[in-house]
Amino acid sequence: MDTRIDPRLKLHVERFIRERFPESILDGILIEEDFDADGDKIVKVVVLLKEKPEVSQVSGLTRQIWGALSRDNFGFPILSFRSVDENARLSAAA
């Protein structure tokens with residue numbers, strides 16, 4: 001993930017996520033452009049966290065990011081949240 005990503009896309013996604021999550025719990029942001037089953041553009045975003053997020057941190061985040069991405073014709077954001085340990089397990093299994 002996060003290879004050859006348009007700098008504007010990366011800027012939009014990271015700006016909103018960094019506003020929501022303090023550096024003390026944010027461990028990383030992975031971004032990948034892709035297509036859904038219908039051929040529509042999507043942006044897969046994995047937010048790596050050191051602890052479980054509060055509902056208020058997650059609520060409405062996709063809508064905010066989508067507003068910024070749609071102005072530049074990027075795909076719809078698909079967000080997922082993982083702990084550092086969970087991401088390591090999933091990466092090792094792949």
Side-chain angles (χ1 to χ4, degrees):
M1 287 187 139
D2 211 12
T3 58
R4 298 190 201 140
I5 298 298
D6 185 307
R8 294 172 303 142
L9 169 60
K10 187 174 181 175
L11 179 69
H12 287 315
V13 171
E14 287 186 353
R15 177 174 49 114
F16 286 106
I17 292 173
R18 292 186 189 286
E19 286 175 1
R20 292 284 183 108
F21 299 99
E23 287 296 319
S24 62
I25 69 166
L26 184 61
D27 194 62
I29 304 167
L30 306 175
I31 304 168
E32 178 182 8
E33 294 180 280
D34 204 352
F35 294 91
D36 67 10
D38 296 324
D40 296 322
K41 291 165 74 174
I42 60 172
V43 178
K44 296 178 183 176
V45 179
V46 178
V47 181
L48 302 174
L49 300 168
K50 298 173 189 171
E51 60 186 57
K52 186 175 178 178
E54 298 291 326
V55 172
S56 62
Q57 292 173 304
V58 176
S59 180
L61 187 55
T62 299
R63 184 182 72 248
Q64 281 190 320
I65 293 173
W66 171 234
L69 297 186
S70 65
R71 287 190 294 272
D72 287 330
N73 201 29
F74 291 115
F76 186 82
I78 307 295
L79 274 62
S80 61
F81 301 87
R82 295 182 192 161
S83 70
V84 175
D85 293 338
E86 181 182 21
N87 191 62
R89 280 194 313 274
L90 290 172
S91 295

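Screening residues 72-87 for side-chain hydrogen bond (donor to acceptor under 3.5 Å, both in side chains), with sequence neighbours left out, gives H12-D72, R82-N87. Among residue pairs with one or both ends in residues 49-66, those qualifying as side-chain hydrogen bond (donor to acceptor under 3.5 Å, both in side chains) are R20-Q64; sequence neighbours excluded. Applying the ring pair (Phe, Tyr, Trp, His ring centres under 6.0 Å) rule to pairs touching residues 22-61 yields nothing, sequence neighbours excluded.
We find the CZ-CZ distance between R8 and F74 to be 4.0 Å, quoted to the nearest 0.5 Å. From I5, atom CD1 reaches atom CD1 of I31 across 6.5 Å, with rounding to the nearest 0.5 Å. For the atom pair CG of L26 and CD1 of I17, the computed distance is 7.5 Å after rounding to the nearest 0.5 Å. Once rounded to the nearest 0.5 Å, the distance linking CG of L49 with CD1 of I29 reads 9.0 Å.
Here the closest non-hydrogen pair linking L69 and G75 is CD1-O, 3.5 Å.
In this structure D34 satisfies the side-chain hydrogen bond (donor to acceptor under 3.5 Å, both in side chains) test together with K44, sequence neighbours excluded. R18 is linked by a side-chain hydrogen bond (donor to acceptor under 3.5 Å, both in side chains) to E23, counting only residues two or more places apart in sequence or in another chain. Taking D27 as the reference, nothing meets the salt bridge (Lys or Arg N to Asp or Glu O under 4.0 Å) condition, with sequence neighbours excluded.
In this structure, the side chain of D36 engages the main chain of D38 through a donor-acceptor pair within 3.5 Å.
Cluster membership for F16 and L11, using ILVMFWY side-chain heavy atoms within less than 4.5 angstrom, is not shared.
With respect to L30, the side chain to side chain contact (heavy atoms under 4.5 Å, CB included) criterion is satisfied by exactly one of V46, V45, V13: V46.
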